[in-house]
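To start, the structure under review is shown below, and the notes come after it.
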Amino acid sequence: MDHIFLIQLSVEGHLGSFHNLAIVDNAAVNIGVHMALLFTIYTPTCFFLQYDAVRINQLYEQARWAVLLEEIDCTEEEMLIFAALQYHISKLSLSAETQDFTNESEVDEVEAALSNLEVTLEGGKADNTLEDITDIPKLADNLRLFRPKKLILKAFKQYWFIFKDTSIAYFKNKELEQGEPVEKLNLRGCEVVPDVNVAGRKFGIKLLIPVADGMNEVYLRCDHENQYAQWMAACILASKGKTMADSSYQPEVLNILSFLRMKNRNSASQVASNLETMDMNPECFVSPRCAKKHKSKQLAARILEAHQNVAQMPLVEAKLRFIQAWQSLPEFGLTYYLVRFKGSKKDDILGVSYNRLIRIEAATGIPITTWRFTNMKQWNVNWEIRQVAIEFDQNVSIAFTCLSADCKIVHEYIGGYIFLSTRSKDQNETLDEDLFHKLTGGQE
């Protein structure tokens with residue numbers, strides 16, 4: 001029997017809060033006695049510090065164990081930052097001098113805009129902190145580009161780039177800006193992966209752009225961290241269909257800069273003096289694989305070196321930085337399944353995220369194509385042959401059979417993410433349990 005689930009939602013337009021949502025057995029929920037935790041659903045974070053103390057603590061613990069148990073990949077440099085933040089948080093948690101949440105009131109953007117309008121009408125000068133919402137900002141600068149699949153480009157080559165709306169256009173030089181670009185890249189729906197080594201002064205952005213026959217792979221190289229933060233934030237928003245006029249652009253830039261600065265190395269003199277009085281077991285703050293690479297004293301020195309960049313952070317901010325750094329990892333929120341697509345003779349990997357599905361070649365790990373939930377029209381499950389079929393815009397349809405898990409799991413993931421897309425940031429919003437069960441349930 002097929003069960004059809006029609007979607008009349010705009011996924012990207014409603015996401016904003018991180019929900020750690022467990023999919024539970026429907027019968028167990030009805031009985032109210034036992035709940036079977038099957039998996040976790042991810043969506044981006046937007047915290048209100050006055051209300052979210054418990055949620056921040058829960059997410060910090062979830063993120064910490066995901067890193068320690070190597071459920072998500074990260075570089076050694078990133079692992080040391082995570083270790084330094086854990087060490088700092090553990091010290092503050094044991095200390096009697098815990099940090100309270102800020103008492104500063106949040107600025108309501110609508111009220112601020114109305115106040116600015118009132119001042120302007122009275123002939124005064126309005127506060128220019130809020131930009132004209134009708135003016136979409138743009139970035140223009142020299143960047144270097146590299147295409148691995150094009151043999152002509154043996155190395156990075158410099159072009160003049162212009163980023164506007166959700167597209168990047170590049171020209172041979174600035175003087176040709178008014179003419180036809182060498183190429184224009186639409187980043188809506190693309191994959192954005194950081195390619196950064198702060199110690200080596202490497203600030204790169206890897207873009208995987210969906211095209212008709214797969215993924216178009218492009219590398220951009222920035223000159224310094226400020227340039228990287230601006231362009232990386234713009235790329236992340238564009239991949240979600242948002243522009244730099246969105247209110248999340250500046251916070252995204254600041255988050256990226258903050259994470260980069262945590263990676264900067266400090267002088268070893270302070271580290272050496274702290275090493276003698278250190279009261280920690282460094283292996284507790286890193287994954288087993290990382291711990292095996294270094295002797296205990298050497299690992300402790302490197303953690304203390306990274307700790308110098310976060311030593312002044314209050315407790316809550318340190319936890320938030322840890323969560324944000326976890327979320328910035330390329331594989332955050334992705335769950336993988338081995339599947340066989342209809343019409344294919346070989347197995348592929350299906351990556352499921354809060355806003356997209358990714359088909360990945362099993363042999364190489366290279367993404368083949370991406371399908372966004374925003375373009376999804378409907379999906380159905382054929383319980384008899386255990387097959388999931390999905391229909392997207394522009395007459396694109398896919399069907400696959402799950403080999404490494406029950407097809408019900410993928411179905412529940414999709415339904416859970418669609419359900420979360422309907423949730424607002426209102427703390428008092430009532431949970432629509434009927435809609436939740438309708439989207440995640442199904443009769444076999």
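Nothing here was measured: the structure is a model prediction, and the numbers come from that model. Values below: every heavy atom of this structure, side chains too, minus hydrogens, waters and symmetry copies.
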cation_pi(R221, F203) dist<6.0 Å, angle<=45: no
What are the two closest non-hydrogen atoms of S247 and P251, and how far apart are they? O-CD, 3.2 Å
Residues in salt bridge (Lys or Arg N to Asp or Glu O under 4.0 Å) with D73, at least two apart? none
Taking side chain as C-beta onward, heavy atoms only, is K184 less than 4.5 Å from I168? no
Check whether H307 reaches the backbone of L85 with its side chain - one donor and one acceptor, N or O, closer than 3.5 Å. no
So, do L208 and N216 sit near enough that their side-chain heavy atoms are less than 4.5 Å apart? no
State yes or no: are the ring centers of F82 and F322 separated by less than 6.0 Å? yes
So, for F332 and W326, is the gap between ring centers shorter than 6.0 Å? yes
Got a sec, which pairs hit salt bridge (Lys or Arg N to Asp or Glu O under 4.0 Å) with one end in residues 167-180, sequence neighbours left out? K138-E177
Would the distance check show the side chain of S90 and the main-chain N or O of Y87 forming a donor-acceptor pair, the cut-off being under 3.5 Å? yes
Applying side-chain contact (heavy atoms from CB on, under 4.5 Å), run through K242 and T166 and close with a yes or a no. CA-CA 7 Å; K242 300 178 182 179; T166 59; over 6 Å; no
Would you say E217 and Y219 are linked by a side-chain donor-acceptor pair, where the criterion is simply a distance under 3.5 Å? yes
Above 12 or not: heavy atoms from other molecules or residues under 6.0 Å from CG of N173? yes
Assess whether side-chain contact (heavy atoms from CB on, under 4.5 Å) is satisfied between K346 and E361, documenting all intermediate values. CA-CA 9 Å; K346 60 180 182 178; E361 189 175 352; 3.9 Å; yes
If you look at every heavy atom in L338 and S404, which pair is closest and at what distance? N-OG, 2.9 Å
Closer than 3.5 angstrom, by distance alone: can the side chain of R386 be matched with the main-chain N or O of V381 as a donor-acceptor pair? no
Polar side-chain atom of Q227 near backbone of C222 as donor-acceptor pair, under 3.5 Å: no
What verdict does the side chain to side chain donor-acceptor pair (under 3.5 Å) test give for S167 and D165, after you've listed the backbone C-alpha separation in whole Å, the side-chain angles of each residue and the deciding distance to 0.1 Å? CA-CA 6 Å; S167 298; D165 294 328; over 6 Å; no
Using 4.0 Å as the upper bound for N to carboxylate O, is an ion pair formed by K206 and D195? no
Do I390 and I414 touch side chain to side chain, with heavy atoms closer than 4.5 Å? yes
Under the salt bridge (Lys or Arg N to Asp or Glu O under 4.0 Å) test, which residues partner D347, sequence neighbours left out? R340
For a 4.5 angstrom cut-off between non-hydrogen side-chain atoms, does I398 reach F392? yes
V192 side chain reached by L207 side chain, heavy atoms, under 4.5 Å: yes
If we only count heavy atoms from C-beta on, is the M232 to E252 side-chain gap below 4.5 Å? no
Flag, side chain of S353 to backbone of R356, donor-acceptor distance under 3.5 Å: no
Begin from the C-alpha positions of R302 and L80 and carry the test side-chain contact (heavy atoms from CB on, under 4.5 Å) through to its verdict. CA-CA 7 Å; R302 296 193 65 182; L80 291 172; 3.3 Å; yes
Considering all heavy atoms of both residues, which atom of I358 and which atom of P367 are nearest to each other, and what is their separation? CG2-CB, 4.1 Å
Between Y249 and T243, is any pair of side-chain heavy atoms under 4.5 Å apart? no
I'd like to know if the side chain of S328 reaches the main chain of A325, judged simply by a donor and an acceptor atom lying under 3.5 Å from each other, with no hydrogens or angles considered. yes
Carboxylate-amine/guanidinium contact E76 R289, below 4.0 Å: no
Any sub-3.5 Å donor-acceptor pair from D406's side-chain atoms to I409's backbone N or O? no
Quick one: side-chain hydrogen bond (donor to acceptor under 3.5 Å, both in side chains) partners of K293, sequence neighbours excluded? none
Residue set satisfying salt bridge (Lys or Arg N to Asp or Glu O under 4.0 Å) with D393, at least two apart, ordered chain then number -> none
How about M79 and V67: do any of their side-chain heavy atoms sit closer than 4.5 Å? yes
Shortest non-hydrogen separation from L260 to E225 and the atoms involved: CD1-CB, 3.7 Å
What pairs with E317 under salt bridge (Lys or Arg N to Asp or Glu O under 4.0 Å), at least two apart in sequence or on another chain? R321
Ion pair check, R147 and E183, cut-off under 4.0 Å: yes
Begin from the C-alpha positions of F419 and K438 and carry the test side-chain contact (heavy atoms from CB on, under 4.5 Å) through to its verdict. CA-CA 9 Å; F419 173 76; K438 181 179 178 181; over 6 Å; no
To the nearest 0.5 Å, tell me how far C407 SG sits from Y337 OH. 11.5 Å
Over all heavy atoms of both residues, which pair between Q230 and V253 is shortest? Give the atoms and the distance, please. CA-CG2, 4.1 Å
Would you call the rings of H411 and W379 parallel, tilted or perpendicular, where under 30° means parallel and over 60° means perpendicular? tilted
Between atom CD of E412 and atom OH of Y417, what is the distance when rounded to the nearest 0.5 Å? 12.5 Å
Indicate the ring-plane relationship of F161 and W231, choosing parallel, tilted or perpendicular according to the 30° and 60° boundaries. perpendicular
